[in-house]
Amino acid sequence: MLQPVVLAHKSLADYTHIVGRDLIEEIRELAEPLKGRRVVHLSATAFGGGVSEILYTLVPLMRDVGLEVEWQVIYGREEFFNSTKLMHNALQGNPQDLTEEQWHVWRSYNEMNARELSRGWDVCVVHDPQPAALPSLAPEKARAWIWRCHIDISTPNPQTLEQLLPYIQRYPASLFHVQGYVPDGMNGGVNIVPPAIDPLTPKNMALSHDDAVYVCRQFGIDVNRPMICQVSRFDPWKDPLGVIDAYRIVKQSRPDVQLALVGSMASDDPEGWDFYNSTLAHAAGDEDIHILNNFNNVGAIEVNAFQSLADVVVQKSTREGFGLTVSEALWKGRPFIGGDVGGIPLQVTDGVTGYLVRSVGDCAARCLAIIEDPSLGSSLGRQGKEHVRANFLTPRYLRDYLRIFSEVL
Ligand code: UDP
């Protein structure tokens, strides 16, 4: 019932020229005693959003250094994903908690998945709250359990967290992006580990200017006019409506500006389509607002092209676990403006590697300043790229996981 995800092969050696020999050697030393260990990652979806983005890279690299690693997607139906989306929103601060019935749905799907999970794992890494109850229900299926939290739970709905907490307290080890996300009452084993992006995937590999132009033109972008871009799921926390409002302010001074909202739909996100439609309605037929999604053939290369070509990349989130899109944009050396929330300040030093904003007005003012002064943009972009190289590329993330595996085993 749990679906194994089929993965491409990746080789750690290919990353040496990007992150340096020292880190690669450190990884190989850490991996040596872990060779042959059986690890399974469990997540709610293999499609859309940051978790799947990460696992498509991390799991092949864990295999490459000698571990026996699988990634399996838990079984769920609409009623389950309705409950887990509500839980996700509540943990990020939405006042609406799950009903008794919805908690029951969550638990019973966890029971089904706990029964179906095979035995004999050395480590089971559970991603996010959807499958979080598994170690409480079938502790015998893995020697060690790790919970990886990908969301911002710094200001949760207290009732929701209270219900979830007993399940996550059971894990001998957990990973959070920043200290501020760690809930009170964790029993230890807490690790602060931000995620990372893969510089060698089609989404992040170096794309020539001509190729980026070629791709963006196909989607109706006039490459001779300035473009603001946000890449994100259609989700209220990503604030695409605020991005449109900021664009409208910029447009008053720069009538030539265009906006691209590139968004994917995730299979575990039943609200996505409704919010996509609200975003379309908010754009009100403006021909300079391009709203694209993965059902219009916008895949990794297209995301790369938009992020590489944009005059300004924004991520105007009001909550953001980490924001892989931030590192993706910085890695392409683009000037970046992000909401001052969650994992974004970790990646952006205000005024040095980009700008942090708290309002539509600030966002518009910074966009305009960058569009009016391209040299400002290039200096921000250069520093942003080096910050990502030093901190947010996959080999560093792999090293951190291997250290934790060594500790729990
Ligand atoms: N993404 C994509 N196509 C889209 C929108 C998003 O491939 O149209 C990717 C994006 O490039 C990033 C991931 O989805 O790699 C989103 O991760 P992030 O951490 O930014 O946010 P999450 O969706 O996990 O909240």
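Quantities reported herein were computed from a predicted structural model and do not represent experimental measurements. Order of appearance sets the numbers: ligands from 1, and atoms from 1 within every ligand.
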Under 3.5 Å, which donor-acceptor pairs do the side chains of residues 399-408 form with other protein atoms, sequence neighbours left out?
from, atom 1, to, atom 2, distance (Å)
Asp400, OD2, Arg396, NH1, 2.9
Arg403, NH2, Glu26, OE2, 2.8
Ser406, OG, Leu402, O, 2.9

* To do: Verify the distance criterion only: is there a donor paired with an acceptor across the side chains of Ser108 and Glu111 at less than 3.5 Å?
  => no
* Do any N or O atoms from the side chain of Asp152 and from the backbone of Gln92 form a donor-acceptor pair under 3.5 angstrom? -> no
* Asked: Within the distance-only criterion (no hydrogens, no angle test), does the side chain of Asn294 pair as donor or acceptor with the backbone N or O of Gly299 below 3.5 angstrom?
  -> no
* Quick check, are the ring centers of Tyr181 and Phe176 under 6.0 angstrom apart? -> no
* Under 4.0 Å from ligand 1 - residues by heavy atom, chain and number -> Gly49, Gly50, Glu53, Lys203, Val231, Ser232, Arg233, Lys238, Val262, Gly263, Ser264, Val303, Glu320, Gly323, Leu324, Thr325, Glu328
* Determine whether the side chains of Tyr247 and Asp286 contain a donor N or O and an acceptor N or O closer than 3.5 Å. => yes
